[in-house]
Amino acid sequence: MDFTLAPAVLAYRERVRSIIAAHHTPQTEHHQHTSGTFNNPALNRALAADGLIERAVPGLGAGDPIELWVLFNEMEKAGAPLDALAMAVMIAGVVQHVGTDAQKAAVIPAVTSGGALICLGYSEPDAGSDLSALTTRAERDGSEWVINGAKMWTTMAHEARWVILLARTDASLPRHQGLTMFLIPMDTPGVRVDPVHTMATERTNATFYDDVRVGDDCVLGEVNGGWRVMGVALSFERGVMGGTNPGVPLLRHTAAWAQESGRITEPAVREKLARVAIDNHVAALLTQRSAWIAASGGLPGLEGSMTKLFASESYQKASRWFQEMAGAEGLLQLLQPGAAAHGWIEYDARHSPVTTIYGGTSEINRNNIAERHLGLPRMRR
Amino acid sequence: MELALSPDQRVLLEAFEQFFRRESAPMVVRRAEPLGFDAELWAALATMEVWGSDASLSDLCVIGEMAGRSVAPVPFAEHAVASRVLGWSSLFSGESIAGFSPRPANEHGVWSVVPAGAVADVIVGMDRDEFVALVSPPPMAGPRNHASAPLADRSARLGELSILGTRRDFDRACAEWKVLTAAMLVGLAAAALEMGVEYVQQRQQFGVPIGAFQAVQHALADLPGRIDGARLLTHQAAAALDAGGGGICDVANNDITDAHALASMAFVFSADIAADSTARSLHFHGGYGFAEEYDIQLYYRRARGWALVLGDPTTEYLALADRLWPDDAPARRAAGS
Ligand SMILES: Cc1cc2nc3c(=O)[nH]c(=O)nc-3n(C[C@H](O)[C@H](O)[C@H](O)COP(=O)(O)OP(=O)(O)OC[C@H]3O[C@@H](n4cnc5c(N)ncnc54)[C@H](O)[C@@H]3O)c2cc1C
């Protein structure tokens with residue numbers, strides 16, 4: 001096996017690193033943690049100006065999963081906000097794949113310029129892990145669709161230009177088959193966004209759709225083909241667009257704190273730091289494997305499940321260890337005098353719980369692995 | 001980047017998968033207890049025609065994983081490492097058995113609880129400041145132990161002594177031993193998981209296979225990603241050693257390519273997953289898992305035994321920390337102050 005990156009990938013990584021270093025600053029970080037909006041428009045635009053976003057969109061530029069992994073992994077390791085950009089890039093890829101010419105013309109330049117965001121309207125108040133139970137519905141009225149319903153956890157809806165909305169268009173079909181994906185401008189009359197604040201400062205939203213009237217031009221892919229469109233999105237994501245190395249900034253911050261405080265000489269501290277370094281490294285290797293499988297023409301769905309499960313569970317373990325290690329100072333938040341690791345340890349202790357929930361919970365990933373990798377009987381539903 | 005085995009390695013993998021399945025069936029593993037060495041298997045291994053000194057560590061990892069799958073009662077890692085150090089032209093001639101002591105000799109010149117110590121005619125290891133080889137007749141017996149492994153104490157001084165090099169040379173050999181042992185533990189862990197999965201599909205309780213219960217499914221589903229991670233890490237460490245060592249430890253960027261750090265990481269990570277995989281698989285066998293008659297107990301005991309000959313894993317985590325944060329290592333601090 002050869003784990004080394006090709007010179008071209010290393011050069012690409014250097015470009016990404018230098019742009020992140022220039023635009024992800026203590027000021028932007030501070031803004032993110034006071035506003036609750038985890039997005040850095042200046043960084044996105046700088047990446048776009050260098051052509052890096054266009055290159056990353058699946059099916060557009062280089063379309064290289066290794067580059068996609070490097071881009072989002074570098075952002076994640078640096079602690080730069082990446083989810084908003086990742087969603088936009090992923091959906092641009094879907095539009096490129098299944099969209100109409102008009103949808104492509106509207107969406108792709110808007111995303112590749114680093115300006116436009118697109119949010120995901122999948123989850124609902126009563127449909128999370130079991131998404132196919134969703135009840136938001138779109139009904140035909142002449143040449144229009146009339147959409148009614150509520151979505152939950154529509155992150156970045158307050159900044160996004162579009163939402164991709166999964167709605168039921170035929171209740172007579174089996175649950176997965178009667179769904180259609182819509183691509184709807186957020187300023188369409190009848191769309192409402194209410195903030196939902198979270199334990200980890202980051203804001204998400206509840207979104208409401210009240211007699212929202214759109215035309216066929218807003219259907220993304222085929223009518224009643226929404227589940228397939230979601231599959232296309234997942235196949236682009238492949239677990240390489242961030243979310244598998246959150247332990248890296250945590251370890252960096254904690255090791256720096258241990259050095260500054262002198263705790264680094266304690267064997268118990270050194271042991272935990274070493275263990276987390278191993279887990280971070282393994283999480284990166286597993287992610288690299290997904291990127292490599294994708295680059296070799298495969299679809300690393302199960303490998304992505306295994307990676308996400310391992311990465312998020314081990315990050316949670318690390319964040320608990322480190323907060324305990326830091327003791328009382330590990331309770332103090334960002335910018336508070338005396339806070340261990342300037343408050344990052346406390347922040348990660350608040351943030352880590354969500355990583356085993358969103359993007360497919362640990363249980364859903366274990367179900368996938370048990371049924372589709374280990375071949376154990378499928379018992380639910 | 002190429003994360004698959006090479007075509008040659010795939011051939012190697014298939015050949016040795018079949019070889020060990022045929023020659024190291026559970027019956028053979030049991031027959032070799034308690035000594036933990038099977039002379040027939042050892043002789044058969046010598047007939048496999050891949051033992052030129054040009055075999056890379058990566059190739060040996062492929063073979064080691066297959067030996068681990070069958071918990072083969074031969075000192076594969078120790079012999080491979082020692083015979084590489086000794087410069088033998090054929091790694092497995094079927095005649096001499098070489099052993100490797102991952103721990104230095106004590107002040108009396110004794111290597112304690114040496115893997116392969118019960119059966120090897122030559123042991124290589126550290127004594128005082130030198131990396132030495134000592135030829136002496138093997139006891140062909142040793143203390144009964146958890147893993148039924150051929151462990152024994154051996155003198156580092158009484159016998160035919162030759163000096164192989166310095167601590168640096170030992171460190172390199174020890175890194176190789178960690179990587180090959182890690183490969184064997186990966187094979188062991190993967191086989192234990194497969195045994196567990198097979199069992200929970202057969203065994204019925206409450207009118208359904210127990211593998212249908214989510215509690216059972218989920219505890220098993222945690223394992224394959226970690227096993228795959230251990231395999232990748234082991235191969236990365238082997239490739240780094242094959243490339244001659246070197247590399248960096250840039251923890252802040254999660255960029256660790258240092259061969260010795262990777263070898264340590266591969267060893268402890270593989271040992272950890274082998275311990276978990278065998279424990280969970282045994283547990284889901286219920287009472288039968290505890291019965292001598294079932295094979296999972298053979299795996300459970302070796303998962304621990306093969307790794308613990310190096311010592312408390314905490315020590316290895318601390319050694320790794322010293323490589324990752326060298327400026328704060330206790331030795332460096334003591335020297336500086
Ligand atoms: C901060 C945040 C941001 C998010 N952003 C978005 C977004 O932008 N767009 C979007 O569409 N969604 C988003 N989500 C929603 C996210 O995808 C869901 O929260 C997730 O899929 C879980 O659904 P749920 O919250 O309804 O939990 P439930 O599905 O109600 O699950 C609750 C618990 O039950 C367990 N459980 C459920 N089913 C099973 C089962 N079959 N077997 C075993 N255990 C089970 C779960 O693992 C979990 O522990 C976001 C969520 C959060 C918290």
Side-chain angles (χ1 to χ4, degrees), chain A residues 1-6 9 17 66 73 77 245 247-248 251-252 255-256 258-259 264-265 267 270-275 277-286 288-289 291-293 295-296 303 305-307 309-310 313 362-363 365-371 373-380, chain B residues 1-6 9 58 193 197 200-201 208-209 211-214 216-226 228-230 232-233 235-236 238-240 249 251-257 261-262 264-265 268-269 272 314 316-325 327-330 333:
Chain A
M1 294 186 195
D2 175 9
F3 294 80
T4 56
L5 302 181
V9 178
R17 277 190 183 172
I66 307 229
N73 192 239
K77 290 193 299 181
N245 258 157
V248 174
L251 179 62
R252 184 170 60 242
Q259 279 163 332
I264 186 91
T265 58
R270 296 179 75 73
E271 181 195 344
K272 295 250 161 64
L273 292 174
R275 293 177 81 132
I278 300 174
D279 286 349
N280 286 347
H281 186 87
V282 170
L285 283 178
L286 290 170
Q288 185 176 349
R289 175 179 67 165
W292 173 80
I293 292 173
S296 321
E303 289 83 358
S305 271
M306 292 183 205
T307 306
L309 176 64
F310 174 76
E313 294 284 337
S362 287
E363 287 70 30
N365 282 308
R366 290 190 183 104
N367 287 347
N368 274 342
I369 296 164
E371 288 165 9
H373 181 72
L374 301 179
L376 295 174
R378 184 178 169 86
M379 286 299 277
R380 285 160 306 286
Chain B
M1 190 195 297
E2 174 60 57
L3 302 187
L5 298 180
S6 69
Q9 287 178 331
S58 304
L193 171 60
V197 167
V200 302
Q201 283 170 323
V208 294
F213 298 121
Q214 203 176 44
V216 173
Q217 294 193 351
H218 281 195
L220 294 175
D222 283 333
L223 302 172
R226 289 170 62 202
D228 288 356
L232 288 165
L233 182 48
H235 274 278
Q236 190 185 23
C249 290
V251 188
N253 275 309
N254 204 31
D255 195 1
I256 299 172
T257 53
L262 291 172
S264 261
M265 290 161 67
V268 286
F269 194 81
D272 195 48
T314 305
E316 193 58 21
Y317 287 118
L318 293 176
L320 174 64
D322 290 354
R323 273 199 101 81
L324 300 183
W325 294 279
D327 293 344
D328 308 293
R333 291 208 160 212

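In the text below, chain A, chain B and the rest are named by the order of the sequence lines, each starting its count at 1. Being a predicted model, the structure only gives us computed values, none of them experimental.
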**Student:** Does any non-hydrogen side-chain atom of E303(A) lie less than 4.5 Å from one of D228(B)?
**Tutor:**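 Side chain of D228(B) against side chain of E303(A), heavy atoms only: no contact under 4.5 Å found.
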
**Student:** Hey, is the main chain of Q214(B) close enough, under 3.5 Å, to the side chain of R366(A) for a donor-acceptor pair?
**Tutor:** no

**Student:** I need the D2(A) CG to S58(B) OG distance, nearest 0.5 Å.
**Tutor:** 10.0 Å

**Student:** So what's closer than 4.5 Å to chain A heavy atoms on A239(B): side chain, backbone, both or neither?
**Tutor:** side chain

**Student:** Mind checking side chain to side chain contact (heavy atoms under 4.5 Å, CB included) for P267(A) and listing every partner two or more places apart, or none if nothing turns up?
**Tutor:**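 With neighbours one apart ignored, the set is L318(B).
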
**Student:** Out of L5(A), T4(A), L273(A), which one racks up the most heavy-atom pairs below 4.5 Å with chain B?
**Tutor:** L273(A)

**Student:** Working to the nearest 0.5 Å, report the span between CD1 of I369(A) and NE2 of H218(B).
**Tutor:** 9.0 Å

**Student:** So, for L324(B) and A277(A), which heavy atoms are closest and what is the spacing to 0.1 Å?
**Tutor:**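 Smallest interatomic distance, heavy atoms only, reads CD1-CB, 3.6 Å.
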
**Student:** Just so I understand: if I count every heavy-atom pair under 4.5 Å between each of H373(A), K77(A), R289(A), E313(A) and chain B, which residue has the most?
**Tutor:** R289(A)

**Student:** Hey, which of H281(A), M306(A), E271(A), R252(A) has the most heavy atom pairs under 4.5 Å with chain B?
**Tutor:** H281(A)

**Student:** Is it the backbone or the side chain of V200(B) that comes under 4.5 Å from a heavy atom of chain A, or both, or neither?
**Tutor:** side chain

**Student:** So do V282(A) and M265(B) actually touch side chain to side chain, heavy atoms under 4.5 Å?
**Tutor:** no

**Student:** Taking side chain as C-beta onward, heavy atoms only, is D322(B) less than 4.5 Å from R270(A)?
**Tutor:**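 D322(B) reaches R270(A) side chain to side chain.
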
**Student:** Where on L223(B) is there a heavy atom nearer than 4.5 Å to chain A: the side chain, the backbone, both, or neither?
**Tutor:** neither

**Student:** Is there a side-chain contact between P377(A) and V208(B) (heavy atoms, below 4.5 Å)?
**Tutor:**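 Answer no - side chains too far apart.
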
**Student:** For the atom pair CD (E2(B)) and OG (S296(A)), what is the distance rounded to the nearest 0.5 Å?
**Tutor:**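 If we round to the nearest 0.5 Å, E2(B):CD and S296(A):OG are 7.0 Å apart.
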
**Student:** Find out whether V268(B) and I278(A) are in side-chain contact, i.e. whether some heavy atom of one side chain is under 4.5 Å from a heavy atom of the other.
**Tutor:**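 A side-chain contact exists here, since the closest heavy-atom pair is under 4.5 Å.
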
**Student:** Given a strict heavy-atom distance threshold of 4.5 Å, which part of D255(B) is in contact with chain A: side chain, backbone, both, or neither?
**Tutor:**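 D255(B) touches chain A through side-chain heavy atoms alone.
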
**Student:** I'd like to check F3(A) versus T257(B) (side-chain heavy atoms, cut-off strictly below 4.5 Å). Are they in contact?
**Tutor:**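 Answer no - side chains too far apart.
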
**Student:** Return the minimal non-hydrogen interatomic distance between M1(A) and Q9(B), and the atom names on each side.
**Tutor:**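 Answer, listing the atom of M1(A) first, then Q9(B): N-OE1, 4.3 Å.
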
**Student:** Does E363(A) have any side-chain hydrogen bond (donor to acceptor under 3.5 Å, both in side chains) partners at least two apart in sequence or in another chain, and if so, which?
**Tutor:** none

**Student:** Is A329(B) in contact with chain A via its backbone, its side chain, both, or neither, using a 4.5 Å heavy-atom distance?
**Tutor:**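 For A329(B), the contact with chain A is made by backbone and side chain together.
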
**Student:** So for Q259(A), is it side chain, backbone, both, or neither that comes closer than 4.5 Å to the heavy atoms of chain B?
**Tutor:** side chain

**Student:** With a 4.5 angstrom heavy-atom cut-off, could you sort out which part of L285(A) is near chain B: side chain, backbone, both or neither?
**Tutor:** both

**Student:** Between L309(A) and chain B, which part of the residue has a heavy atom less than 4.5 Å away: side chain, backbone, both or neither?
**Tutor:** side chain

**Student:** Is N245(A) in contact with chain B via its backbone, its side chain, both, or neither, using a 4.5 Å heavy-atom distance?
**Tutor:**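 Side chain only.
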
**Student:** Side chain, backbone, both or neither: which part of L3(B) has a heavy atom under 4.5 Å from chain A?
**Tutor:** both

**Student:** In terms of heavy-atom proximity below 4.5 Å to chain B, should I293(A) be classed as side chain, backbone, both, or neither?
**Tutor:** neither

**Student:** Less than 4.5 Å apart, any side-chain heavy atom of D279(A) and any of F269(B)?
**Tutor:** yes

**Student:** Mind listing the closest non-hydrogen atom pair of A252(B) and V248(A) along with its distance?
**Tutor:**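 Scanning both residues completely, I find the closest heavy atoms to be O-CG1, 3.7 Å.
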
**Student:** So L251(A) and N254(B), do their side chains get closer than 4.5 Å, heavy atoms only?
**Tutor:** no

